[in-house]
Each structure stands twice: as C-alpha cells, then as structure tokens.
Number of protein chains: 2
Amino acid sequence: MDKPDQYVLERQVGFVMRRAVQRHIAIFSALIPEMTPTQFAALAKLCELGQASQNELGRLTAMDVATIKGVVDRLRARSLISSAPLESDKRRLMLTPTRQGRALYRKYAPQAAEVTRQTLAPLDDGERRQLLQLLERLT
Amino acid sequence: MDKPDQYVLERQVGFVMRRAVQRHIAIFSALIPEMTPTQFAALAKLCELGQASQNELGRLTAMDVATIKGVVDRLRARSLISSAPLESDKRRLMLTPTRQGRALYRKYAPQAAEVTRQTLAPLDDGERRQLLQLLERLT
DNA sequence: CATATTTTGTTTGTGTACAAATAGACTGTG
DNA sequence: CACAGTCTATTTGTACACAAACAAAATATG
C-alpha cells in the first residue's frame with residue numbers, strides 16, 4: 001500500500017487553507033483589480049499610521065524584509081507612497097502615503113471589507129466570528 | 001480621518017489566513033526540510049493515484065497549469081517522479097512516482113500528519129474539527 | 001572611548017501562484 | 001470529412017515569500 005492512511009491530503013490544514021486563500025484572492029482581485037491584497041494591506045496600514053519606516057511597516061503587515069521592499073517599490077513606482085531616509089537615524093527609510101495613495105485607500109477600503117464579507121459568505125454570523133477567532137489562535 | 005473604521009487590516013480573513021499559512025509553512029519546513037508543502041502535496045497525491053497526467057495532478061492538488069509544471073519539473077529533477085507522453089493521447093504527460101519518490105513519501109507521510117497536528121496544537125479536538133470544516137465550506 | 005552586537009535595508013537565489021498567449025492534439029457536429 | 005471548439009502542455013511576465021549574505025548605521029557594554 002502506497003497510501004499510509006494517517007495522511008490524506010484533503011484533510012491537512014495546509015491544503016485546506018491554501019484553497020481558502022486561493023478563493024479569497026480571486027474575490028479580492030475581482031473587487032479590487034487595481035492592486036494586490038498585499039499591496040493594499042501595506043497601503044492601508046501606512047495610511048492608518050500616517051507614517052512608518054519600511055521595516056516597521058513590514059512587521060505590522062507580516063512581511064519579511066525582502067517582501068516588504070518589493071511591495072514598497074511597486075507602491076512607490078505608482079506614486080502611492082513616498083520615501084525618504086530619516087535624518088535622526090540614517091538606517092531607516094521613512095514612508096508616507098501620497099495624496100493619491102490616501103485617496104485610493106479611501107476609495108477601496110469599503111471594497112476590501114466587502115472582500116471579507118464575500119469570502120465568508122458561506123458562513124453565518126456566528127461561524128464567521130468563530131472562524132476568525134480560531135485562525136487567530138493559530139498564530 | 002484616514003481610517004474608515006469599517007476596514008481594520010487585522011480583522012480581515014485574508015490577513016488572518018495569511019499569517020496562519022505562514023506559521024504552517026514554518027512548521028512544515030522545520031519537520032520536512034527536504035521538500036516544500038507544495039512538492040509534498042503533489043508527490044503524495046501521485047503516490048495515492050499511482051499515476052496521473054500533469055494536468056490531472058494539478059487539478060487534484062489545486063495548482064494551475066504553470067504552477068504544477070514547475071513543481072513537476074523540480075520533482076523530476078530530483079528523480080522523485082518520472083514522466084512520459086501518453087501513446088493514446090499525445091497531449092497528455094503521464095506521471096509516475098519513482099521508487100525513491102514512493103520511499104520519500106512513505107518516510108514523510110507521518111511527519112506531514114504531524115505538521116497538521118502541530119499547526120492545530122493551540123486548539124482542542126472539537127475546535128480542530130470545526131476549523132477544518134469551516135475552512136472547507138469557504139471553498 | 002572602543003568594539004561587539006543589533007538594527008535596518010539591499011541583493012541574490014529559489015519556489016509558489018496566476019494571467020495571458022501560443023501550439024499541438026483531440027472531439028463533436030454539421 | 002472538415003473544421004470549430006476544447007483540452008493539455010509550454011512559455012513569458014508579474015508578484016509574493018523566505019533564506020542567506022552583505023553593508024552601513026546605531027546601540028550596548030566593558
């Protein structure tokens with residue numbers, strides 16, 4: 001037998017989560033074709049903070065140094081954020097959303113909330129809360 | 001105000017799932033450093049089936065054509081699977097696990113189940129079942 | 001004060017993930 | 001049979017995601 005029955009792909013959390021994430025991303029890009037979930041997360045967090053260093057923004061959005069750099073580069077290329085080295089600590093690259101970045105965030109924030117709603121649409125209210133709560137406890 | 005309070009990053013399913021997946025992948029690569037979750041999923045499914053076309057394997061493991069191609073290429077480069085065009089349908093590339101592929105699958109299947117256990121460790125039995133069930137309903 | 005350590009950012013390399021375009025092989029229908 | 005539509009696989013391009021190695025700046029500690 002080649003299939004040790006202790007392992008069934010479809011019952012592994014990793015597989016199930018991967019599929020759920022795939023569906024979520026599909027919903028996201030249908031509702032917000034202008035940017036990726038990752039880019040929106042970074043822009044949203046930066047708008048919420050007003051200002052942050054690249055590293056700080058990465059930590060708060062759960063992106064490692066290489067990932068946040070790429071995301072920031074792309075957002076900056078589209079003039080949604082601006083960056084400047086900090087005078088008082090020359091290691092740090094301070095980021096600020098531009099006027100257009102803030103406008104785009106304001107425009108899509110309701111859509112982004114709607115993405116969550118549509119992703120969770122198969123569940124009722126209690127189940128939604130439960131799912132989020134259980135997922136949070138995994139981290 | 002720059003923060004429309006209908007949108008809070010930390011409460012979006014996408015963000016919470018992303019973090020859970022990150023932790024899961026970290027656990028996986030600690031327990032199974034020899035391959036990625038994706039590669040293991042493809043190998044496992046192929047061992048379960050005995051044989052499958054690349055396309056078929058992609059569908060069953062939720063990978064699109066480009067993704068499954070890359071994964072298959074890497075597994076083949078490590079001699080874990082072999083491939084040959086099908087005589088009766090020259091479009092299809094039939095895949096078979098090699099002896100070593102099967103051996104590696106058998107070796108790591110218990111570890112892979114353990115990855116799921118460790119990922120779900122913060123939850124009790126009922127919560128685990130519930131989480132998996134809720135996630136499945138999202139797809 | 002001097003240097004070991006930490007922090008921040010960059011670069012490189014590998015591996016998913018998906019869209020879109022292409023090509024060849026099959027199938028169905030007229 | 002012809003050929004329109006479908007299926008399988010490949011290729012190209014963009015975007016995360018992480019590890020590892022590096023450099024420069026700041027901090028800590030002796």
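Proteins get letters first, then strands, A, B, ... in listed order; numbering begins at 1 in each.
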In terms of side-chain heavy atoms of [X], which of [options] is nearest?
X       : options                : result
A/Gln54 : D/dA9, C/dG9, D/dA15   : C/dG9
B/Arg91 : C/dA17, C/dT10, D/dC7  : D/dC7
B/Leu93 : C/dT8, D/dA25, D/dT10  : D/dT10
B/Thr67 : C/dT16, C/dT10, D/dT10 : C/dT16
B/Lys69 : D/dT10, C/dG9, D/dA9   : D/dT10
B/Ala66 : D/dT8, D/dT12, D/dC18  : D/dT12

Residue mapping more 5' on DNA chain D - nearest nucleotide basis, B/Arg59 or A/Leu86: B/Arg59
5' precedence on DNA chain D between B/Glu56 and A/Gly70 (nearest-nucleotide basis): B/Glu56
Can you measure [X] atom [atom1] to [N] atom [atom2] for me and round it to whole angstrom units?
X       : N      : atom1 : atom2 : value
B/Leu95 : D/dT8  : CG    : P     : 13 Å
A/Ile68 : D/dC16 : CD1   : P     : 10 Å
B/Phe28 : D/dA19 : CZ    : P     : 15 Å
A/Asp89 : C/dT6  : CG    : P     : 17 Å
B/Asn55 : C/dA23 : CG    : P     : 19 Å
B/Arg78 : C/dT14 : CZ    : P     : 14 Å
A/Arg92 : C/dT10 : CZ    : C1'   : 17 Å
B/Lys90 : C/dC26 : NZ    : P     : 6 Å

Partner of A/Gln54 by side-chain contact (heavy atoms from CB on, under 4.5 Å), out of A/Lys69, A/Arg92, A/Met94, A/Arg59: A/Lys69
Phosphate OP1/OP2 of C/dT16: any B/Gln39 side-chain N/O under 4.0 Å: yes
Distance test, side-chain N/O of B/Thr38 to OP1/OP2 of C/dT16, below 4.0 Å: yes
Sidechain-backbone polar pair: B/Arg128 side chain, B/Leu123 backbone, donor-acceptor under 3.5 Å: yes
pair A/Cys47-A/Arg102: side-chain heavy atoms closer than 4.5 Å: yes
pair B/Leu132-A/Val13: side-chain heavy atoms closer than 4.5 Å: yes
Geometric class of the A/Phe40/B/Tyr7 ring pair [parallel <30°, tilted 30-60°, perpendicular >60°]: perpendicular
Sugar-phosphate, base or nothing in reach of B/Ser29, heavy atoms under 4.0 Å: nothing
